[in-house]
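Counting starts at 1 for both ligands and their atoms, following the listed order.
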Amino acid sequence: MSINWFPGHMHKAQKEIRELLPEVDLVIEVLDARLPYSSQNPLLQKLRGQTPCIKLLNKSDLADETLNQIWVNELQKDETVKAYAVNATDTGLIKQIPQWCLNWFPERAANKKPIQVMIMGIPNVGKSTIINLIAERIIAKTGNEAAVTKRQQRIKLKGNVVLHDTPGVLWPRFDNQNSAYRLAVTGGIKDNIVEAEDKAFYLAEYVMVAYKDLISKRYDIESMPLEPYDLLTKIGEKRGALRSGGRVDITRISSLFINEFRLGTVGRITLETPEMMYQELAEVEKQLAAKAAKKAARKARPKGSR
Ligand code: G4P
């Protein structure tokens, strides 16, 4: 199944970013550490140019520790980027964010000119939670549903840093179906857009190979099946998620499987690696080139034959 999803508010967000960017010294992009590639806003890279950027891999408590470090290193290959794995329960770390901003501009410590910082992030990455923690008061409303619209904010932080929160709802990658599925699994795309079964099958297919030991342990599975359907059936049998007649209720067990993943009950899991990102980027480029070639060929045909 392909996810045909297009966020309606993207023009507003794009306009805000374009207007604000020339005025800011630094950008903070909040990412989900479980999908540091798919939770990026695809336009930021283009618009930002050489403006320094702090990438926060938030929810790192839910992500694979080894991959957190691998992703930090990967993102920092760009010299205008500093990346940090953070999480909302480690408030000591989050409160260092203003200092991390100041570190980019040591010369500013001596003068009064504040450092202007724009913070952005696609829905549900934890941007509001982070803002509330660094501002040390409730500023942004947090909620578990993606795409809660918020009002424009300008927040003065300790250490001569002014934080601008972009109120428009940012969109994630939608040129790549794999990214769309992973976002649906983590809750980065609203739950009503993709069926629970589709999300659970996608997640199962990945974790039953990449995190086989965690799955075996959590669901007490001795021999790992080959198909996602069989894994969900096994889990359903163990958990007694049965319909009348004794068959496994796949919808119910799918929701449970997704919820346990989101809560981190299964263990610390990251859904993508830099290798996957490079492979998928190449795939998307190939698709775009094929589309462009098709369009060009159509245009080149004589008018009457189109
Ligand atoms: P947003 O502004 O980017 O849309 O996200 P928001 O801060 O509203 O956070 C979305 C959900 O993610 C919230 O959970 C929040 O508690 C959770 N969250 C944020 N940061 C972290 C983190 O570092 N680790 C973990 N494990 N969770 C994090 P919720 O269930 O929607 O709300 P609540 O019941 O926790 O308030």
For Val125, is at least one N or O under 3.5 Å away from an N or O on ligand 1?
-> yes
Before giving the answer on side chain to side chain donor-acceptor pair (under 3.5 Å), spell out for Asn178 and Tyr202 the whole-Å C-alpha distance, their side-chain angles and the decisive distance to 0.1 Å.
-> CA-CA 9 Å; Asn178 282 300; Tyr202 189 90; 2.7 Å; yes
Is there at least one pair of N or O atoms, one from Thr89 and one from ligand 1, spaced under 3.5 Å apart?
-> no
Contacts of Phe201 that satisfy ring pair (Phe, Tyr, Trp, His ring centres under 6.0 Å) - sequence neighbours left out | none
What are the atoms of ligand 1, with element, lying closer than 4.0 Å to any heavy atom of Asn87?
-> 23 (O)
For ligand 1, which atoms sit closer than 4.0 Å to a heavy atom of Ser128?
-> 1 (P), 2 (O), 7 (O)
Side chain of Arg262, backbone of Val185: donor and acceptor closer than 3.5 Å?
-> yes
Under the 4.5 Å side-chain heavy-atom rule for ILVMFWY, direct or indirect, which residues accompany Leu288?
-> Val284
Numbering the atoms of ligand 1 from 1, which are under 4.0 Å from a heavy atom of Leu62?
-> 26 (N)
Classify the ring geometry between Trp100 and Tyr84 as parallel (under 30°), tilted (30 to 60°) or perpendicular (over 60°).
-> parallel
Polar atom proximity, Gly126 to ligand 1 (N or O, under 3.5 Å) | yes
Any atoms of ligand 1 less than 4.0 Å from a non-hydrogen atom of Asp61? List them with their elements.
-> 22 (C), 23 (O), 24 (N), 25 (C), 26 (N)
Ala88 heavy atoms, cut-off 4.0 Å: which ligand 1 atoms fall inside?
-> 20 (N), 21 (C), 22 (C), 23 (O)
Residues Glu260, Tyr219; criterion side chain to side chain donor-acceptor pair (under 3.5 Å); working and verdict | CA-CA 11 Å; Glu260 293 205 347; Tyr219 299 107; 2.9 Å; yes
